[in-house]
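The structure appears right after this line, and notes come after that.
Atom set for the values below is all heavy atoms of this structure, side chains included, hydrogens, waters and symmetry mates excluded.
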Amino acid sequence: MRHFIITLFLMLAIPLTAAAQKDLSIGRILDGRYKKNQAVTDIEVVGDRLREYGLTYYHSFTVKGDDKIIQEVIAAFIADEAKAADKELTKVGGKLISGMYRLKYDGNTNRFLFFKDMRRANQKQNVVMVIYMEGDTSLKSLQRKFKKKQ
């Protein structure tokens, strides 16, 4: 019975946190439409595993080899820059390579959006990743915690 209650809670929590993404352009990418696409790895996490990071929700979306979806991800991330309270972008030759946004939010929870373009002319990678997170942590704290884990 306990397992059922926990599962039910998680099923209810994911739609509520996913709703927070709907006001973002990246929400079109993270809405589940690509879950069955072989080029996409779509991971959502809620619960205790996130507590040490000060997070309540984590959603990563990685696309490999599908240029149409890759361009959608890049365009959506760039469009969400207008909603960033804080940002850090890395560009090489004018091309966006990585970025981090702390998004404006009316509640007590911070929202974060990370982007990484792993495509390189001299490598055979054609991969782009975007990560959306929510929690009561700060951008600097997240950066420190993730660097420790690497």
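Taken from OG1 in Thr109 to CG in Leu55, the straight-line distance is 10.5 Å, to the nearest 0.5 Å. Interatomic distance, CG of Asp86 versus NZ of Lys140, reported as 9.0 Å (0.5 Å rounding). Here the CE atom belonging to Met118 is positioned 11.0 Å from the CD1 atom belonging to Ile97, to the nearest 0.5 angstrom. From Ile74, atom CD1 reaches atom CG of Asp67 across 9.0 Å, with rounding to the nearest 0.5 Å. For the atom pair CG of Leu50 and CD of Glu134, the computed distance is 10.5 Å after rounding to the nearest 0.5 Å. Rounding to the nearest 0.5 Å places CG of Asn126 at 4.0 Å from CD1 of Ile70.
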For a side-chain contact (heavy atoms from CB on, under 4.5 Å) check, start with the C-alpha distance between Phe61 and Tyr132, then their side-chain angles and the critical distance, and finish with the verdict.
CA-CA 9 Å; Phe61 183 93; Tyr132 174 85; over 6 Å; no
Begin from the C-alpha positions of Tyr34 and Asp66 and carry the test side-chain contact (heavy atoms from CB on, under 4.5 Å) through to its verdict.
CA-CA 11 Å; Tyr34 294 114; Asp66 189 318; over 6 Å; no
Test side-chain contact (heavy atoms from CB on, under 4.5 Å) on Leu113 and Leu103 and set out the steps.
CA-CA 7 Å; Leu113 191 56; Leu103 300 160; 4.2 Å; yes
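Glu72 places none of its side-chain heavy atoms less than 4.5 Å from the side chain of Val63.
Considering all non-hydrogen atoms of both residues, Ser25 and Ala79 come closest at OG-CB, 3.4 Å. Closest approach of Leu96 to Lys91, counting heavy atoms only: CA-CG, 4.0 Å. Between Arg119 and Val127 the shortest heavy-atom distance is CG-N, 3.6 Å. Summarising the geometry of Leu30 relative to His59, their closest heavy-atom pair is O-CE1, 3.2 Å, with the distance given to 0.1 Å. A pairwise comparison of heavy atoms in Ile29 and Ala76 identifies CG1-CB, 4.2 Å as the closest pair. The shortest non-hydrogen separation linking Val73 to Ile26 is O-CD1, 4.0 Å.
At least one donor-acceptor pair under 3.5 Å links the side chain of Asn110 to the backbone N or O of Thr137. Between the side chain of Arg33 and the main chain of Arg28, a donor-acceptor pair closer than 3.5 Å is present.
Under the ring-ring contact (aromatic ring centres under 6.0 Å, His included) criterion, Phe77 pairs with Tyr101, Phe115, sequence neighbours left out.
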